[in-house]
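Encoded as structure tokens, the structure appears first; notes follow it.
In what follows, every chain begins at residue 1, and chains take the letters A, B, ... in the order their sequences are listed.
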There are 2 protein chains.
Amino acid sequence: MTETVTEPSAAAAAGSKSEQAYQAVKARIVEGTYSPGYRLVLGSIAKDLGVSVVPVREAIRRLEAEGLVTFERNVGATVAGIDPTEYLYTMQTLSIVEGAATALSAPLVDSVAIARARAVNEEMRECLHHFDPVRFTQLNQDFHSILFEHCPNPHILDLVHRGWNRLAALRSSTFRFVPGRAHESVNEHEALLQLIESGATADEIEKAARLHRSATLDAYLAQSKQ
Amino acid sequence: MTETVTEPSAAAAAGSKSEQAYQAVKARIVEGTYSPGYRLVLGSIAKDLGVSVVPVREAIRRLEAEGLVTFERNVGATVAGIDPTEYLYTMQTLSIVEGAATALSAPLVDSVAIARARAVNEEMRECLHHFDPVRFTQLNQDFHSILFEHCPNPHILDLVHRGWNRLAALRSSTFRFVPGRAHESVNEHEALLQLIESGATADEIEKAARLHRSATLDAYLAQSKQ
DNA sequence: AGGTACGAAATCGTATACGATCACTATCGC
DNA sequence: GCGATAGTGATCGTATACGATTTCGTACCT
């Protein structure tokens, strides 16, 4: 099950139809029901959710602000595209904010959390055997979420989540993961845990976390080049 | 004149009343007409702008997504607060994204741009004499904007602009700049330019740019402590 | 046959209207 | 006198309605 990464701050006005529409459409985009390029017609969605167009419109504009949909005046909204350039931007940005989030969180990660993260990572290793990319991706998020649990800066965490949601929207379409890379990734996770355990400097941790993300980007670029 | 930092991507649907309301309210927040804590009443703003409440509501929700206003269900919107914690989060995040933006842009900054940036910086030095914080802040943005002109990642640039807008909203209220710090800041600008000119590594440039921002935060923290 | 102009259908954008919710005040009971 | 409660005004949230704009199909002209 792919889950939408929900920000507590944004979930303030839960219960309103606008919020309901927001969550519903977001979920469908993230889990792939609406794939990139899908045309979001206000009237249809409204009827579908049993609300009027006004809250739906509001929800979609909010999703636009998050980069999950693109909007064109008097034409309508479509689920945000699969442009390789956009992928590059998102991955690069994620590399930076994940690096920062990891470094900031590291001093606050206790041994219990490390153990939990390690368990998740071992489960990811399992996934490599009985090839399960969807679960792998989910576990990957879980792994990092554990490290970010006590992140002292919610803004940065928010940026991480936004990046994840964008990637999730793309995942099911063009950007399949590079199998060889997944294996490396698991090893990098373990290395990262050891780095944190050993009380490495913030700089070292940040660099490692950054590379962890950008290596995935590089693997994609290398693959798409040939 | 304080100017709203406008993202070209977001300005897509210009001309619509919703867009007009968005720009208008955003401008008033950034330039300080609506200070933090100001209650944004939909009906009043709508009447004020000569439009109905629906586009205003939409505009305000978009501003909420940018962090410029806070929204409470069935109660209304207020201009986002002056919470020192929020200030810390914003500055810390800015430190990271500005650092990245500077490092990414550095290889693309030519000598002409350097000269322009240097000129702006000298103008900032002038401002220190005939104490003009508002202009100083504007020039500061100009300085960095020149360096970011050819930033290869628009997402990161967008994050920088969002941070600036948040700070602009706070500027006129509690968070006055620390005079001594402003002087240092100008010197750091010059150092940064020389670093770029000398073809320093991305790491070095990033670190310098980061410190440049976080030193301002530290100065504020030191001042507010006593 | 190809291109253009027109018209209809679909969809968007926003005004208006009304029900729902909240804050605030005044009154009542203790 | 003080706390609880009902009433009132203000504001929000959303449904509905209608004008504006775009898109697409069709007929017409060259």
Quiz item: Which part of the nucleic acid does B:Leu40 contact within heavy-atom distance under 4.0 Å: base, sugar-phosphate only, or nothing?
Solution: sugar-phosphate
Quiz item: A:Glu19 has an atom CD; how far is it from atom C1' of D:dT14, in whole Å?
Solution: 15 Å
Quiz item: Atom CG of B:Leu42 and atom P of C:dT21: how far apart are they, to the nearest Å?
Solution: 17 Å
Quiz prompt | Nucleotide of D:dA15, C:dT14, C:dG13 approaching A:Val51 most closely (side-chain heavy atoms) | solution = D:dA15
Quiz item: Hey, is the main chain of B:Leu217 close enough, under 3.5 Å, to the side chain of B:Ser214 for a donor-acceptor pair?
Solution: no
Self-check item: Distance, rounded to the nearest Å, where B:Glu58 contributes CD and C:dA15 contributes P
Solution: 12 Å
Quiz item: Which listed nucleotide (C:dT11, D:dC12, D:dT14) is nearest to the side chain of A:Ser16?
Solution: D:dT14
Self-check item: Aromatic ring pairing B:His144/B:His212, orientation class (parallel under 30°, perpendicular over 60°, tilted between)
Solution: tilted
Quiz item: What class does the angle between the rings of B:His161 and B:Trp164 fall in, given that below 30° is parallel, 30 to 60° is tilted and above 60° is perpendicular?
Solution: tilted
Quiz item: Nearest-Å distance, CD (A:Glu72) to C1' (C:dG13)?
Solution: 15 Å
Quiz item: For A:Arg39 and D:dC24, what is the distance between atoms CZ and P respectively, to the nearest whole Å?
Solution: 8 Å
Exercise. Can you figure out which of C:dT14, D:dC12, C:dG13 approaches the side chain of B:Ser18 most closely?
Key: C:dT14
Practice problem: Between D:dT16, C:dC12, D:dT14, spot the one nearest the side chain of A:Pro55, thanks. | Solution: D:dT14
Practice problem: With the side chain of B:Asn74 defined as its heavy atoms from C-beta on, choose the nearest nucleotide among D:dA15, C:dT21, C:dT14. | Solution: C:dT21
Quiz prompt | Test item: B:Ser185 side-chain N/O and B:Arg181 main-chain N/O as donor-acceptor pair under 3.5 Å | solution = no
Exercise. May I have the distance from B:Ile45 (atom CD1) to D:dA10 (atom C1'), rounded to whole angstrom?
Key: 15 Å
Quiz item: Using a cut-off of 4.0 Å on non-hydrogen atoms, how would the nucleic acid contact of B:Val54 be classed: base, sugar-phosphate, or nothing?
Solution: base
Quiz item: Over how many whole Å does the gap from B:Lys17 atom NZ to D:dG19 atom C1' extend?
Solution: 11 Å
Quiz item: Does A:Ser52 or B:Val75 map to a spot on DNA chain D nearer the 5' end, using the closest nucleotide for each?
Solution: B:Val75
Self-check item: Spacing of B:Gln20 atom CD relative to C:dT14 atom P, expressed in whole Å
Solution: 9 Å
Quiz prompt | N/O (side chain, A:Arg73) to phosphate O (OP1/OP2, D:dA20) under 4.0 Å | solution = no
Quiz item: Which pairs count as salt bridge (Lys or Arg N to Asp or Glu O under 4.0 Å) when at least one residue sits in residues 43-60 of chain A, sequence neighbours excluded?
Solution: A:Arg28-A:Asp48, A:Arg57-B:Glu58, A:Glu58-B:Arg57, A:Glu58-B:Arg61
